[in-house]
Amino acid sequence: MTSAYDKCIEKSLDLQRVLDQELDRTDKYDLLIDFIHIAKAFPSKTPNPYSFEIPQIDSKSLEQWANQRGWDVKPAPEATKESKRNMPPIRFTRNNIT
C-alpha cells in the first residue's frame with residue numbers, strides 16, 4: 001500500500017519541472033504561487049495540521065531549489081485570503097545572481 005506522502009513524491013518532480021518552466025518564462029521580478037502547488041511540488045514528511053489533502057512544504061528543499069535558479073522564496077501572509085490564512089501563497093523574488 002502506497003502512502004499519501006509516497007504518492008506526492010511520485011508526482012513532485014513533474015510538478016517541479018512545471019514550476020521551473022513557469023519561472024523561466026516569466027519576466028516578473030516578484031511572483032506569487034499558490035501554497036497548494038508548491039506543497040505538491042515540495043511535500044514535507046511532516047503532516048499538515050490544517051489539511052489531510054495538502055502536505056506541508058519542505059521549506060529547506062524549496063529554498064535550495066529556488067536559490068539554484070536565482071529566486072528567493074518566502075511565505076506571503078499579506079496576500080492570503082482569510083479562509084487560507086494557514087496556507088499562504090509563496091512569494092518568489094528574483095535574487096541578484098545572474
Item to complete: For the pair Arg94 (side chain) and Gly70 (backbone), establish whether a donor and an acceptor sit closer than 3.5 Å, ignoring hydrogens and angles.
Response: no
Worksheet entry | Single-linkage hydrophobic cluster Ile38~Leu23, side-chain heavy atoms < 4.5 angstrom | yes
Item to complete: Compare every heavy atom of Ala39 with every heavy atom of Ile57, then report the nearest pair and how far apart it is.
Response: CG1-CA, 3.6 Å
Practice prompt. Determine, stepwise, if the pair Leu62 / Trp71 fulfils side chain to side chain contact (heavy atoms under 4.5 Å, CB included).
Written response: CA-CA 10 Å; Leu62 171 60; Trp71 293 88; over 6 Å; no
Worksheet item: With the 4.5 Å side-chain cut-off for hydrophobic clustering, are Val73 and Ile54 part of the same group?
Response: yes
Discussion item. Do Trp65 and Ile36 sit in one hydrophobic cluster, given that two such residues count as connected whenever their side-chain heavy atoms are within less than 4.5 Å of each other, even indirectly?
Written reply: yes
Worksheet item: When you look at Arg17 and Leu13, which way does the side chain to side chain contact (heavy atoms under 4.5 Å, CB included) test go after all the steps?
Response: CA-CA 6 Å; Arg17 277 190 221 92; Leu13 289 178; 4.2 Å; yes
Discussion item. Go through it in stages, so that I can follow the logic: the residues are Thr93 and Tyr29, the test is side chain to side chain contact (heavy atoms under 4.5 Å, CB included), and I'd like the CA-CA distance, side-chain angles, deciding distance and then a yes or no.
Written reply: CA-CA 6 Å; Thr93 307; Tyr29 174 78; 3.4 Å; yes
Worksheet item: Considering residues at least two apart in sequence or located in another chain, which fulfil the side chain to side chain contact (heavy atoms under 4.5 Å, CB included) criterion with Ala76?
Response: Leu32, Glu78, Ala79, Pro89, Arg91
Fill in: Short side-chain to backbone donor-acceptor contact, Gln56 and Asn48, under 3.5 Å
no
Worksheet item: Any chain of hydrophobic side-chain contacts (each under 4.5 Å) joining Leu19 to Leu15?
Response: no
Worksheet item: Salt bridge or not for Lys11 and Asp14, using N-O below 4.0 Å?
Response: no
